[in-house]
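Written below as structure tokens is the structure these notes are about.
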There are 2 protein chains.
Amino acid sequence: MVPPEPEAPAKPGFRVWYNCALAVDIVLLTIRHEQLHVLLINRSEPKAGQLALPGGFVLPDEDLPDAALRELGDETSVRVDVRHLEQLQTYGRPGRDPRARVVSVAYLAITPDLPEPRAGTDAVGASWRPVRQLLGRSSLAFDHDTIVADGVERARSKLEYSTLGAAFCPADFTVAELRRIYEIVWGTQLDPRNFHRKLTSADFLEPTGETTTRDGGRPAALYRVRKDATGIMNPPLLRKTD
Amino acid sequence: MVPPEPEAPAKPGFRVWYNCALAVDIVLLTIRHEQLHVLLINRSEPKAGQLALPGGFVLPDEDLPDAALRELGDETSVRVDVRHLEQLQTYGRPGRDPRARVVSVAYLAITPDLPEPRAGTDAVGASWRPVRQLLGRSSLAFDHDTIVADGVERARSKLEYSTLGAAFCPADFTVAELRRIYEIVWGTQLDPRNFHRKLTSADFLEPTGETTTRDGGRPAALYRVRKDATGIMNPPLLRKTD
DNA sequence: ATAATAGTGTCTGTCAGACAATATCTA
DNA sequence: TAGATATTGTCTGACAGACACTATTAT
């Protein structure tokens with residue numbers, strides 16, 4: 001991590017005091033081995049040895065999403081095919097970092113299943129961890145447990161009314177593969193026949209014309225996300241309410 | 001506005017560089033004269049004379065929601081009955097403030113109709129402005145037009161699946177008063193009979209036992225929000241999709 | 001009585017959930 | 001052939017929207 005400039009670039013006539021260290025943290029989710037995983041790093045200083053989210057300080061003239069993607073590349077040194085990136089929330093409780101006032105803008109990112117990431121310069125190592133083993137526990141440095149929980153909840157919620165689920169899939173995918181995304185992220189079973197009817201009557205998929213038998217059985221039609229898709233699924237696919 | 005401390009409180013063994021001026025901005029919404037209004041201030045320096053959202057820099061050991069409420073009080077010097085406060089989004093595009101790197105955490109706040117606010121120390125004046133006259137135009141300082149638009153859209157959206165609408169109402173209110181909130185914020189007409197059936201069968205209202213004739217006609221039962229309400233309206237009340 | 005608003009009952013079209021039935025592949 | 005998965009079709013109960021109807025106040 002490269003520390004940013006300590007001094008404010010004050011313009012003539014104005015004097016602005018810098019009052020915090022601004023960072024970004026990234027909750028990068030994917031599905032591996034039929035389970036939802038989040039990318040974590042082994043921290044060096046501070047909190048050496050603890051697991052934490054990838055992230056770091058924002059550079060002086062860098063926009064926030066750019067900082068998120070840069071830190072993801074720096075710390076994992078793997079070309080991650082980030083298919084979705086959205087701002088999650090900002091965490092600024094005093095004392096959340098022992099060094100100073102560090103305020104972190106968290107981002108939620110989604111990627112399809114990819115090869116194992118390798119450690120970069122800043123991190124001793126980076127690895128995918130199953131989300132199930134993290135939720136409810138206190139396993140991560142700083143307030144990163146909370147950030148992961150918020151990110152997972154955002155993803156679960158957005159599956160209902162957006163096309164986010166497709167970001168977990170390769171470019172071309174079958175309806176059943178998309179259904180498995182929903183089942184894994186929501187932790188529920190969905191009726192394959194009703195799901196198929198619902199998704200093919202939604203407006204964001206288009207058939208590629210190809211079929212595949214990679215899941216066995218009768219060949220399944222391959223679909224892709226329409227280029228003119230809005231990102232909103234209409235009508236929504238609502239979760240069961242307990 | 002009191003500028004925060006310029007130096008980082010570095011702890012032994014660590015050195016952290018402060019890289020931005022962190023601020024909060026507040027989108028405070030209410031309904032006055034059957035229209036959605038947002039609270040704006042007349043800026044002093046910089047952007048003197050322009051309209052802007054109330055807000056200011058975060059103090060060294062201050063939590064973000066506290067900073068939002070403090071700035072609201074400082075700049076409008078009126079006891080605003082803030083009935084809802086949630087983080088909206090963080091705006092950090094380089095160059096959004098001409099002085100320096102200013103990153104602002106925006107908050108959405110809701111209040112019932114209240115007496116006219118008066119100017120405080122930091123602002124030349126504060127006043128309610130109809131949201132209709134702002135949306136789509138470029139009327140405000142910095143990127144505050146965008147922030148207002150995002151705040152209004154969040155409010156519109158949350159009416160569907162949360163109890164947010166009640167935050168626009170006094171403590172005790174009738175179903176018709178709540179319905180008018182929905183009609184004004186959404187800009188649509190709702191069937192009074194279906195709305196009544198839907199809201200009274202939802203789980204977040206409880207009757208006070210009192211009635212009122214303040215809207216004329218047959219006395220209407222008064223309701224309040226249940227103390228154990230979750231904030232989530234179940235089932236949701238969906239807007240018409242065009 | 002008339003006007004105004006509150007609240008209830010009923011009908012109908014749509015849709016989610018359950019599930020039968022059929023289609024097309026591999027072993 | 002059996003077994004697996006894909007896809008279509010059908011039934012049913014719940015519910016949103018439309019709206020007739022009744023209730024209770026003020027003038």
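Please read all numbers here as calculations on a predicted model, not as lab measurements. Excluded from the calculations below are hydrogen atoms, water molecules and symmetry mates; all remaining heavy atoms, backbone and side chain alike, are included.
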Nearest-nucleotide 5' precedence on DNA chain C, A/D191 against A/R218: A/D191

Residues B/S127, B/R129; criterion side chain to side chain donor-acceptor pair (under 3.5 Å); working and verdict: CA-CA 6 Å; B/S127 57; B/R129 301 291 171 132; 3.1 Å; yes

Give the nucleotide from the list C/dT24, D/dG17, D/dA6 with an atom nearest to the side chain of A/R180. D/dA6

Rounded distance (nearest 0.5 Å) linking atom CZ of A/R154 with atom CG of A/L88: 5.0 Å

Starting at CG of B/D215 and ending at P of C/dA4, how long is that distance when rounded to a whole Å? 14 Å

Return the value, rounded to whole Å, for the distance between atom CZ of B/F195 and atom C1' of D/dC15. 17 Å

Nearest whole angstrom, please: distance from the P of D/dA6 to the NZ of A/K198. 20 Å

Checking contacts here: which listed nucleotide (C/dA18, C/dT24, D/dA6) is nearest the side-chain heavy atoms of A/R179? D/dA6

Could you tell me if A/T111 and A/D81 have a donor-acceptor pair between their side chains, going purely by distance under 3.5 Å? no

Would you indicate whether the side-chain heavy atoms of A/L134 and A/L40 approach each other to under 4.5 Å? yes

Which residue lies more 5' along DNA chain D, comparing A/A220 with B/P236 via nearest heavy atoms: A/A220

How close or far is atom P of D/dA6 from atom CZ of A/F173, stated in whole angstroms? 14 Å

Closest nucleotide among D/dA18, C/dA6, C/dA23 to the B/R197 side chain: D/dA18

Nearest 0.5 Å, what's the CD1-CG distance between B/I41 and B/D25? 8.5 Å

Taking only the side-chain nitrogens and oxygens of B/H196, find out if one of them lies under 4.0 Å from OP1 or OP2 of C/dG7. yes

Mind calculating the distance between CG (B/N194) and C1' (D/dG17) to the nearest angstrom? 5 Å

What's the CZ-C1' distance between B/R214 and C/dA4, to the nearest Å? 17 Å

Nearest whole angstrom, please: distance from the P of C/dG17 to the CD of A/Q189. 14 Å

Rounding to a whole Å, what distance do you find between A/R193:CZ and D/dC11:P? 16 Å

